[in-house]
Asks: 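Okay, here's the structure, questions in a sec.
One-based numbering, in listed order, for ligands and for the atoms of each. Just so you know, these numbers use all the heavy atoms, side chains as well, and skip hydrogens, waters and symmetry mates. Along the sequence shown, the residues carry numbers beginning at 1.
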Amino acid sequence: MRFRENLARFMAGRNGYDAFSMFLLLAAFVMLLLGRIFYRSPFFSILFNLASWVALLYCIWRVFSRNTYKRQRENAWYYAKRQAVARWFRSWKDRWQQRKEYKFFRCPSCHALLRVPRGKGKIQLTCRKCGNRFERKS
Ligand SMILES: [Zn+2]
């Protein structure tokens, strides 16, 4: 396979395909679809098509980039964001599953999430994070 050897030589020292590039490719595809869905609106179809091209070109540029250090840092940044989003969804899933046994409150001063058992009437809450005290009906 001549082509494979040439490709391997060409890709040596380049970033290649990583998770962030995969996300960009997916985003480009979704944007392309949105452009098709909003084809009646010139503004949105142009906007989504443009965004799709930007994401696609950025993805291709990243794959062939020789600055692997910077690309790997971008990829790490992407992983951190993705984990934050996953955590957010998991916390909402947990809250939904526990909604019958527990009630959730936000601390008015630091916005930490507090969980208390339901049906205890009016109770005094102490925030675990900042020690702020406030009253709520559970
Ligand atoms: Zn607090």
Asks: Are L125 and E135 close enough that some pair of their side-chain heavy atoms sits under 4.5 Å apart?
Replies: no

Asks: Check for me whether the distance between the ring centres of F105 and F134 falls short of 6.0 Å.
Replies: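 Not close enough - the centres of the two rings lie 6.0 Å or further apart.
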
Asks: Tally every protein N/O/S atom whose distance to the Zn ion (ligand 1) is less than 2.8 Å; waters are neither shown nor counted.
Replies: 4

Asks: Examine R71 relative to Y69 and say whether NZ or CZ is less than 6.0 Å from the centre of the six-membered ring and inside a 45° cone about the ring axis.
Replies: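 No, R71 and Y69 do not form such a contact.
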
Asks: Quick test of your reading of the model: are E101 and R118 salt-bridged, counting only N-O distances below 4.0 Å?
Replies: no

Asks: Identify the heavy atoms of M11 and G16 that sit nearest to each other, and give their distance.
Replies: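 Smallest interatomic distance, heavy atoms only, reads CE-CA, 3.8 Å.
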
Asks: How close do M31 and F48 get, heavy atom to heavy atom, and via which atoms?
Replies: O-CB, 3.4 Å

